[in-house]
Amino acid sequence: MKDDSCLFCRIISGEIPSTSVYEDENVFAFKDINPQAPVHIVIVPKDHISCADDISSTNSSAVAACFEAIPVIAKEQGLTNGYRVINNCKEDGGQSVMHLHFHLIGGKKLAEKIV
Ligand code: AMP
Ligand code: ZN
């Protein structure tokens, strides 16, 4: 369900422009406005889920759909040598937009590894 106060819901609806790179029934993906690598894509479920902490058995199919989209998007973006998928959750995780999303980052050897 759309949350009219949510930036990513408004991007999904087209109300706020984005550079879309992938869309299916359940998933929308677009270029991050502040890329941290040559390829930096934000992958979101179309249904509004605030964060990883709100994932449950009732909405986890939306998360599965995002992860099914990842290899498709990665291939389209030419990430044949690998990539990183990142989720920031709530305040301590550094989440700034409260609509669940996965950062797909690559296009170079990523050095800033913390785990
Ligand atoms: P996070 O900090 O994990 O919540 O990630 C939010 C991401 O959304 C950041 O990497 C931002 O650069 C990105 N972002 C914010 N506004 C926009 C926008 N209008 N279009 C594309 N990406 C955005
Ligand atoms: Zn939303």
Side-chain angles (χ1 to χ4, degrees):
M1 211 175 312
K2 183 170 182 268
D3 176 341
D4 287 333
S5 67
C6 169
L7 173 66
F8 286 173
C9 281
R10 295 170 75 198
I11 284 178
I12 293 162
S13 72
E15 191 184 330
I16 292 176
S18 69
T19 305
S20 172
V21 299
Y22 177 89
E23 181 172 11
D24 66 28
E25 192 185 346
N26 302 302
V27 178
F28 193 76
F30 51 95
K31 291 189 178 178
D32 196 291
I33 206 166
N34 182 25
Q36 301 302 308
V39 175
H40 185 168
I41 307 297
V42 179
I43 302 170
V44 303
K46 285 187 172 175
D47 279 346
H48 181 89
I49 300 169
S50 290
C51 61
D53 211 30
D54 282 351
I55 297 170
S56 68
S57 58
T58 60
N59 62 21
S60 60
S61 62
V63 181
C66 288
F67 276 81
E68 286 170 26
I70 285 170
V72 177
I73 299 167
K75 192 173 182 191
E76 283 173 2
Q77 295 293 322
L79 301 180
T80 51
N81 211 35
Y83 49 85
R84 197 168 289 163
V85 177
I86 296 172
N87 170 256
N88 299 318
C89 181
K90 294 166 101 176
E91 190 173 349
D92 280 3
Q95 184 176 4
S96 62
V97 179
M98 293 307 293
H99 180 129
L100 177 68
H101 54 280
F102 302 97
H103 298 263
L104 173 63
I105 294 173
K108 69 171 185 180
K109 176 82 176 167
L110 299 167
E112 310 83 11
K113 198 165 177 279
I114 63 165
V115 285

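Remember, it's 1-based here, ligands and their atoms both numbered in the order they're listed.
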Considering the heavy atoms of [X], write down every atom of ligand 1 situated less than 4.0 Å from one of them.
X	value
His103	1 (P), 3 (O), 5 (O), 7 (C), 10 (O)
Ile11	18 (C), 19 (N), 20 (N)
Asn34	12 (O)
Gln95	4 (O)
Phe30	21 (C), 22 (N)

Hey, are the side chains of [X] and [Y] touching, using non-hydrogen atoms and a 4.5 Å cut-off?
X	Y	result
Ile11	Val44	no
Asp53	Lys90	yes
Pro45	His99	yes

Closest protein heavy atom to [atom], given as residue, atom name and distance to 0.1 Å:
atom	answer
atom 16 (N) of ligand 1	Leu7 CD2, 3.4 Å
atom 13 (C) of ligand 1	Asp32 OD2, 3.3 Å
atom 2 (O) of ligand 1	Ser96 OG, 2.8 Å

Notebook entry, point to check: Judged by non-hydrogen atoms, does Gly94 sit under 4.0 Å from ligand 1?
Noted result: yes
So, [X] side chain and [Y] main chain: donor-acceptor pair closer than 3.5 Å or not?
X	Y	result
Asn87	His101	yes
Gln77	Gly107	no
Lys113	Val115	yes
Asp54	His48	no
Lys46	Ala62	no

Notebook entry, point to check: Relative to the Zn ion (ligand 2), which of the N, O or S atoms in His48 is the closest?
Noted result: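 Answer by atom name: ND1.
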Check: Parallel under 30°, tilted from 30 to 60°, perpendicular over 60°: which one fits the rings of Phe30 and Phe8?
Finding: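 Perpendicular: the ring planes of Phe30 and Phe8 meet at over 60°.
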Note to self: Same cluster or not: Val27 versus Leu100, using hydrophobic residues (I, L, V, M, F, W, Y) connected whenever any side-chain heavy atoms lie under 4.5 Å apart?
What the structure shows: yes
Which bit of [X] is near ligand 1, meaning a heavy atom under 4.0 Å away: side chain, backbone, both or neither?
X	result
Phe8	side chain
Ile33	both
Ile86	neither
Ile16	neither
Lys31	backbone

Checklist line | Angle, SG of Cys9 through the Zn ion (ligand 2) to ND1 of His99 - 10° precision | finding: 110°
Check: Of the non-hydrogen atoms in Ala37 and Gly106, which two are nearest, and what is the gap between them?
Finding: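 The pair with the smallest heavy-atom distance is CB-O, 3.5 Å.
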Check: Relative to atom 1 (P) of ligand 1, which among His101, His99, His40 owns the nearest non-hydrogen atom?
Finding: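 That would be His101.
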Check: What do you reckon, does Val97 have a nitrogen or oxygen under 3.5 Å from a nitrogen or oxygen of ligand 1?
Finding: yes
